[in-house]
Amino acid sequence: MQDIDENPKTALITGASAGIGQAFAREFAEQGFDVVLVARREEKLNEIAAEIKAQYGAMAYVIAANLADPKSPQMIFDNLASKGINIDALVNNAGYAIEGGFIDSDWQEHLDFIQVLNTSLAHLCHLFATPMKKRQYGRIINIASVAAFSPQLSGNLYGAAKSFVLDFTQAIDLELKPHNVFCTALCPGFTYTEFHDTMGVREAVSRLPKFLWMDSQTVAKEGYNAVMEGKPVYINGLVNQGVSQVLAALPLRVKQFLAEKQSIFEN
Ligand SMILES: NC(=O)c1ccc[n+]([C@@H]2O[C@H](COP(=O)([O-])OP(=O)(O)OC[C@H]3O[C@@H](n4cnc5c(N)ncnc54)[C@H](OP(=O)(O)O)[C@@H]3O)[C@@H](O)[C@H]2O)c1
């Protein structure tokens, strides 16, 4: 918990209407933060905000926003500035994956995907890290994935998008850490959420062994601890840590060979 004589700090979590984002909202509230919940499904966010207020006594604000809209990050920033709410912790969690190859999907679908997973994420970091640096306090968690270490899937942009998050987060952590603004790229593996339903692959992944899976509460708790400890990268769970480290150490040619051979999509 935070010191009781400190003013409550505020955490903004994107993708807070489900899965890992909802778990992060509860984790930050449990740790004494007020929370700002962002996603498209406003009704779901309102329900979660009411539960958080009742359970933890935290303030919970809701901002409905589609992060595929390039104007959303500035709208979110301006909305909070107009209410005089400072953001001390930012969790860029909103995300999804598109099933299928590159040319199978319309360009607009890829554009939206890159906007949500990369451009809005970087824009929100830019907007909120500036006042964090000025106040000499900030915590930023960007959700990458074990997929950032994995061989690529044929024509799928998910691995590339998550590699950007992994590298980008380490770069800004180097710049901001001297100002007490810590940034962590959090890399979950298979986690029980709505992610695989949205992607339309629930049946295929349900055949994967149980030891590969984690729950979203554990992922969020580990992520919270990692950023507070100033870890630039944290891979969730021992299995994912082992797999990612082996994959990261593979020679490029072996990785390319595996990419050609693999039949199961990565997460
Ligand atoms: N689950 C896994 O196995 C796994 C593994 C590694 C990494 N991850 C990453 O973890 C993060 C969270 O995913 P999850 O597993 O918790 O999935 P989830 O249960 O499907 O939740 C995704 C969240 O993102 C929000 N979102 C999606 N598109 C959005 C948009 N255009 N604008 C605003 N919000 C949007 C959704 O809210 P609305 O629909 O209400 O907008 C929802 O709250 C993602 O970045 C994902 O890539 C997941």
Side-chain angles (χ1 to χ4, degrees), residues 12-27 35-49 62-73 75-76 91-99 108-121 123-124 141-150 156-166 168-169 184-202 204-206 208 210 212-220 222-223 234-237 239-240 243-244 264-267:
L12 185 157
I13 299 108
T14 70
S17 61
I20 296 170
Q22 181 180 169
F24 262 114
R26 293 180 192 281
E27 179 62 29
V35 290
V36 179
L37 313 179
V38 175
R40 290 166 300 182
R41 285 172 288 174
E42 190 169 11
E43 211 173 301
K44 201 102 214 305
L45 292 177
N46 282 326
E47 278 170 29
I48 295 164
V62 164
I63 302 179
N66 182 354
L67 292 167
D69 180 346
K71 294 195 262 343
S72 286
M75 179 278 283
I76 293 165
V91 184
N92 276 306
N93 160 83
Y96 58 97
I98 302 171
E99 169 72 325
Q108 188 60 48
E109 213 175 331
H110 292 308
L111 203 57
D112 290 350
F113 177 77
I114 295 165
Q115 184 70 40
V116 175
L117 271 83
N118 295 148
T119 314
S120 284
L121 175 146
H123 193 183
L124 286 167
I141 301 171
N142 291 328
I143 312 300
S145 168
V146 165
F149 302 97
S150 307
N156 197 299
L157 299 190
Y158 189 72
K162 292 302 189 182
S163 296
F164 171 83
V165 176
L166 176 64
F168 164 76
T169 306
T184 299
L186 187 70
C187 304
F190 289 104
T191 310
Y192 293 113
T193 66
E194 295 176 8
F195 180 88
H196 298 100
D197 304 305
T198 306
M199 196 181 172
V201 294
R202 175 59 61 202
V205 292
S206 64
L208 292 169
K210 289 236 173 337
L212 287 178
W213 290 87
M214 290 182 72
D215 63 79
S216 54
Q217 292 80 7
T218 308
V219 168
E222 290 183 0
Y234 184 82
I235 301 163
N236 290 102
V239 173
N240 294 324
V243 169
S244 302
I264 184 83
F265 67 90
E266 56 198 352
N267 66 343

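First listed ligand is number 1; within each ligand, the first listed atom is number 1.
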Non-hydrogen atoms of K162 and L117 that approach each other most closely: CE-CD2, 3.8 Å

Identity of the nearest option to atom 21 (O) of ligand 1, non-hydrogen atoms only, from S120, A18, A97: A18

Flag side-chain contact, heavy atom, 4.5 Å: N236 against T218: no

Distance-only N or O hit between ligand 1 and G15, under 3.5 Å: yes

For G189, atoms of ligand 1 separated by under 4.0 Å from a heavy atom: 2 (C), 3 (O), 4 (C), 5 (C), 6 (C)

Test of proximity, L67 against ligand 1: N or O pairs below 3.5 Å: yes

Location of contacts on A144 toward ligand 1, heavy atoms closer than 4.0 Å: backbone

Ligand 1 atoms in contact with G19 (distance to a heavy atom under 4.0 Å): 16 (O), 19 (O)

Sub-4.0 Å heavy-atom contact, T14 with ligand 1: no

R40, E194, Q22: member with heavy atom nearest to atom 30 (C) of ligand 1: R40

Atom indices of ligand 1, in the order listed, that fall short of 4.0 Å to a heavy atom of G95: 22 (C), 24 (O), 44 (C), 45 (O)

Numbered atoms and elements of ligand 1 in range of F190, under 4.0 angstrom, heavy atoms: 3 (O)

Validation row: N118, F168 side chains within 4.5 angstrom (heavy atoms): no

Side-chain H-bond candidate by donor/acceptor type, E42 with N46, under 3.5 Å: no

Ligand-residue contact atoms, ligand 1 with S17, heavy atoms, under 4.0 Å: 36 (C), 37 (O), 38 (P), 40 (O), 42 (C), 43 (O)

Any N or O of I20 closer than 3.5 Å to N or O of ligand 1: yes

V116-ligand 1 polar pair, N/O distance under 3.5 Å: no

Per atom 31 (N) of ligand 1, closest listed option by heavy atom (N66, V146, L37, L212): N66

Ligand 1 N/O within reach of Y158 N/O, cut-off under 3.5 Å: yes

For A65, the ligand 1 atoms whose distance to one of its heavy atoms is below 4.0 Å: 32 (N), 33 (C)

Those atoms of ligand 1 less than 4.0 Å from some heavy atom in H196: 2 (C), 3 (O)

